[in-house]
Amino acid sequence: MLDVQLLRNQLDDVIHRLQQRHFKFDVDRFTTLEQERKQVQMKTQELQSQRNSLSKEIGQAKAQRQEADHLMQQATLINEELDEASQKLTVIQKELEELLLGIPNLPHVSVPVGESADQNVEVRRVGTPKVFNFTPKDHVDLGEGLALMDFNRASLLSGARFSVLKGSLARLHRALTQFMLDTHTTEHGYQEAYVPYLVSANTLRGTGQLPKFEADLFKVPREEAEPLYLIPTAEVPLTNFVQDTIVDEQALPLRLTAHTPCFRSEAGSYGRDVRGLIRQHQFDKVELVQIVHPDKSYDALEELTSHAEAILQRLELPYRVMLLCTGDMGAGATKTYDLEVWLPGQNAYREISSCSNCEGYQARRMQARFRSQKNKPELVHTLNGSGVAVGRALVAILENHQNEDGSINIPKALQPYMGGISVLTMGK
RNA sequence: GGAGAGAUGGCCGAGUGGUCGAAGGCACUCCCCUGCUAAGGGAGCAUGCGGUCAAAAACUGCAUCGAGGGUUCGAAUCCCUCUCUCUCCGCCA
């Protein structure tokens with residue numbers, strides 16, 4: 001959510017920056033609502049003030065055993081007018097809030113202006129794609145060839161976009177999460193967390209998935225309680241650790257990591273990546289979240305991105321870092337780096353991590369603040385990034401470390417987590 | 001699932017219809033005293049949203065005592081609904 005003051009005082013600038021990300025802000029509606037709000041709110045408060053002072057007088061009169069009937073009559077009259085005004089105000093404020101909740105964050109000045117992913121800017125490339133002296137297979141052929149990946153079974157169980165992994169491939173999946181968590185906790189200073197996979201609508205509102213992106217979520221209705229939602233990313237529970245709290249300035253930065261499954265209904269993406277593990281309704285991810293002082297959030301973004309990169313480097317996977325353009329960023333972000341890993345099976349770089357600074361956008365929705373020595377509570381800045389997507393990392397390992405016979409070399413960093421196995425072979 | 005207790009400011013905790021935004025304490029900030037890793041004295045110290053304003057400061061209004069409704073001229077305080085926490089019982093991984 002943007003600061004309303006910004007909209008009131010620098011409306012033109014805000015409109016301009018929102019246009020860069022193709023958000024058409026309904027200016028007329030806003031200004032009309034804002035004018036009404038001001039007028040009705042002032043009237044409401046004035047009436048409340050009158051009523052309060054009358055009530056006080058009544059109290060004083062009664063204390064002195066004086067008659068106060070005429071004062072009470074006056075108060076009743078004021079209350080009638082007040083009722084009307086405050087009802088009107090409630091409606092206006094609700095409308096304004098809805099409007100505000102739907103506005104995406106403003107892009108940072110360092111973000112390139114662009115229409116779509118085509119205008120994203122490559123920042124750096126790390127590692128060189130291996131040259132194969134045979135035609136590399138994609139991960140589906142490799143996984144099914146090893147008899148360790150079973151999409152038919154998954155679709156019998158649950159339908160499209162689910163997967164079953166078996167044997168040492170399932171173990172590799174587990175090894176990846178352990179390796180990532182251990183690296184982030186022991187080397188990058190993150191605190192590991194175990195979190196709920198089902199969260200409330202309010203929590204999702206805090207991080208920005210609601211109200212706008214309900215269609216992307218799996219919703220779990222309950223008979224006598226509010227529905228819960230399956231988390232689309234651990235960013236949601238982790239970032240909401242500071243929901244409605246004022247943290248001590250000394251406690252910043254908070255660095256949190258968690259491994260969770262992520263659930264996405266991806267309603268709009270049917271037809272894309274139908275084959276394989278790339279786009280699933282359920283996938284695992286190790287997430288990185290930082291809660292930081294506003295002055296430090298851009299440094300933190302670089303740092304957090306490097307933490308995700310470290311994982312790819314240790315797994316000996318070539319990748320590139322993309323700075324997303326205004327048209328391709330998520331709604332809550334002011335600046336985002338995507339890490340794209342090289343996939344020989346697709347002959348392309350594909351997203352495996354997305355690292356964003358959300359500045360105060362989520363913090364304002366969550367009312368997440370910190371208190372410094374002297375000053376009033378101030379909004380924290382929040383950042384999140386995948387560190388990294390486990391399923392896609394698995395895909396990348398299969399495709400990049402494959403041998404001509406279809407076996408897979410396990411990167412050194414993972415071998416301790418695989419009981420010393422260095423090669424994945426048929427059916428094992 | 002059954003029975004009971006509770007939810008107040010950063011924390012602890014008082015407050016059962018009217019000068020209560022809320023005593024007291026802790027923590028914190030400033031000042032004084034002391035002269036030593038203590039203690040004492042004084043002052044300040046909730047959050048959100050408005051208004052005056054370019055803005056800040058300042059001043060001022062409104063709201064907020066788990067949430068939402070209700071009663072009343074007036075609600076932290078009375079009534080209803082809900083949520084959460086704790087204790088006991090049951091069930092259970």
Side-chain angles (χ1 to χ4, degrees), chain A residues 1-14 30-31 33-101 194 196-203 205-206 221-229 237 240-252 254 291 360 363-380:
Chain A
M1 191 156 69
L2 298 181
D3 187 354
V4 205
Q5 299 298 342
L6 209 61
L7 286 163
R8 290 184 191 142
N9 300 328
Q10 298 168 46
L11 188 56
D12 291 341
D13 184 46
V14 171
F30 174 75
T31 40
L33 278 171
E34 181 57 19
Q35 268 170 19
E36 280 184 69
R37 189 226 95 225
K38 190 164 170 175
Q39 187 217 322
V40 178
Q41 180 166 0
M42 281 170 69
K43 183 172 176 191
T44 304
Q45 293 188 352
E46 169 61 25
L47 289 168
Q48 282 170 328
S49 172
Q50 283 176 25
R51 188 205 51 200
N52 288 348
S53 50
L54 269 174
S55 292
K56 213 168 252 184
E57 282 180 53
I58 293 168
Q60 282 164 354
K62 292 226 163 165
Q64 293 163 25
R65 297 181 169 278
Q66 289 170 0
E67 169 282 337
D69 284 359
H70 64 290
L71 289 174
M72 284 164 67
Q73 267 175 17
Q74 257 185 68
T76 308
L77 284 177
I78 286 174
N79 270 340
E80 280 171 24
E81 210 179 334
L82 178 60
D83 267 1
E84 198 186 325
S86 63
Q87 274 175 33
K88 213 165 147 189
L89 183 62
T90 308
V91 173
I92 294 169
Q93 280 176 329
K94 203 170 261 174
E95 272 185 64
L96 262 175
E97 204 197 327
E98 257 170 55
L99 191 66
L100 282 172
L101 282 174
Y194 170 78
Y197 302 158
L198 288 161
V199 296
S200 66
N202 184 49
T203 297
R205 206 171 297 121
R222 294 191 290 175
E223 268 186 37
E224 303 212 13
E226 293 299 307
L228 291 173
Y229 296 81
N240 274 283
F241 270 27
V242 289
Q243 175 191 115
D244 259 315
T245 54
I246 301 175
V247 300
D248 204 60
E249 188 175 16
Q250 323 293 332
L252 300 177
L254 260 51
I291 313 291
R364 184 170 290 106
R365 289 166 166 254
M366 293 189 296
Q367 279 307 305
R369 293 162 294 171
F370 71 95
R371 190 191 300 278
S372 56
Q373 292 272 332
K374 267 241 141 208
N375 300 318
K376 291 188 131 199
E378 204 181 325
L379 294 173
V380 295

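Only a predicted model underlies this, so the values are computations on that prediction, with no experimental measurement involved. Within every chain, numbering begins at 1; the chains are lettered A, B, ... in the order of the sequence lines, protein sequences first and strands thereafter.
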Margin query: Between Leu47(A) and Thr44(A), is the side-chain contact (heavy atoms from CB on, under 4.5 Å) condition met? List the steps.
Written below: CA-CA 5 Å; Leu47(A) 289 168; Thr44(A) 304; 5.9 Å; no
Next item on the list: Could you check Asn202(A) against Glu226(A) for side-chain contact (heavy atoms from CB on, under 4.5 Å), going step by step and ending with a plain yes or no?
Entry: CA-CA 10 Å; Asn202(A) 184 49; Glu226(A) 293 299 307; over 6 Å; no
Checklist line | From C62(B), U19(B), C73(B), nucleotide with atom closest to Gln48(A) side chain | finding: C62(B)
Notebook entry, point to check: How long is the line joining CD of Gln5(A) and P of A55(B), in whole Å?
Noted result: 9 Å
Item checked: Distance, nearest 0.5 Å, that separates OG of Ser55(A) from CD1 of Ile78(A) -> 9.0 Å
Notebook entry, point to check: When you match Asn9(A) and Met42(A) each to their closest nucleotide on RNA chain B, which lands nearer the 5' end?
Noted result: Met42(A)
Check: For atom C1', what is the distance between A7(B) and G15(B), given to the nearest Å?
Finding: 15 Å
Item checked: Whole-Å C1' distance, C49(B) and G21(B) -> 16 Å
Notebook entry, point to check: Side chain of Asn52(A): nearest nucleotide among A63(B), G50(B), U47(B)?
Noted result: A63(B)
Next item on the list: Dot-bracket notation for RNA chain B is requested: 5' to 3', Watson-Crick or G-U wobble pairs only, both distances under 3.5 Å, with ( ), [ ], | and . as defined.
Entry: ((((((((.[[[..)..(.....]]].(((((.......))))).(((((((.....))))))).[[[[[..)....]]]]])))))))....
Check: Would one find a side-chain N or O of Asn79(A) under 4.0 angstrom from OP1 or OP2 of G74(B)?
Finding: yes
Next item on the list: Dump the intermediate steps for side-chain contact (heavy atoms from CB on, under 4.5 Å) on Phe241(A) and Ile291(A), then the final yes or no.
Entry: CA-CA 9 Å; Phe241(A) 270 27; Ile291(A) 313 291; over 6 Å; no
Next item on the list: Can you tell me the distance, in whole Å, between the CD atom of Glu249(A) and the C1' atom of A27(B)?
Entry: 16 Å
Item checked: Per Gln367(A) side chain, nearest of listed nucleotides C62(B), G48(B), U52(B) -> G48(B)
Item checked: Nearest-Å distance for atom pair CD/P, residues Glu378(A) and U47(B) -> 13 Å
Check: Taking the same atom, C1', in G61(B) and in G68(B), what whole-Å distance lies between them?
Finding: 26 Å
Note to self: Can you tell me if Ser55(A) touches the phosphate of G18(B), counting only side-chain N or O atoms and a distance under 4.0 Å to OP1 or OP2?
What the structure shows: no
Check: Passes side-chain hydrogen bond (donor to acceptor under 3.5 Å, both in side chains), Gln50(A) versus Glu46(A)? Steps please.
Finding: CA-CA 6 Å; Gln50(A) 283 176 25; Glu46(A) 169 61 25; 3.0 Å; yes
Checklist line | P spacing across the pair C20(B) / C62(B), given as an integer number of angstrom | finding: 15 Å
Next item on the list: Could you please name the option among G74(B), C62(B), C49(B) that lies closest to any side-chain atom of Arg8(A)?
Entry: C49(B)
Margin query: Please report the distance separating the P of G9(B) from the corresponding atom of A14(B), rounded so that it comes out in whole Å.
Written below: 13 Å
Item checked: Rounded distance (nearest 0.5 Å) linking atom CZ of Arg365(A) with atom CD of Gln243(A) -> 12.5 Å
Checklist line | Nearest-neighbour nucleotide for the Gln60(A) side chain, G10(B), U19(B), C73(B) considered | finding: U19(B)
Notebook entry, point to check: Looking only at atom P, what distance separates C11(B) and C92(B), rounded to whole Å?
Noted result: 39 Å
Check: Measuring from Ile58(A):CD1 to Lys62(A):NZ, what's the distance to the nearest 0.5 Å?
Finding: 7.5 Å
Margin query: Nearest heavy atom decides the nucleotide; on that basis, is Lys38(A) or Arg369(A) closer to the 5' end of RNA chain B?
Written below: Arg369(A)
Notebook entry, point to check: What's the CG-P distance between Leu100(A) and C49(B), to the nearest Å?
Noted result: 12 Å
Item checked: Atom pair distance, as rounded to whole Å: CD1 in Ile58(A) and P in A75(B) -> 11 Å
Notebook entry, point to check: Using the C1' atom in both, what is the distance from U83(B) to A67(B), to the nearest Å?
Noted result: 7 Å
Notebook entry, point to check: In Å, rounded to the nearest 0.5 Å, how long is the span from CG of Leu101(A) to CZ of Arg205(A)?
Noted result: 7.5 Å
Next item on the list: May I have the distance from Leu82(A) (atom CG) to U72(B) (atom P), rounded to whole angstrom?
Entry: 15 Å
Next item on the list: Please state how far atom CD in Glu67(A) lies from atom P in C73(B), giving the value in whole angstrom units.
Entry: 15 Å
Notebook entry, point to check: Can you check the Gln93(A) CD to G50(B) P distance for me, whole Å?
Noted result: 9 Å
Checklist line | Residues Glu34(A), Arg37(A): salt bridge by 4.0 Å N-O rule | finding: yes
Next item on the list: With P as the reference atom in both, quote the distance from G13(B) to A93(B) in angstrom, rounded to an integer.
Entry: 37 Å
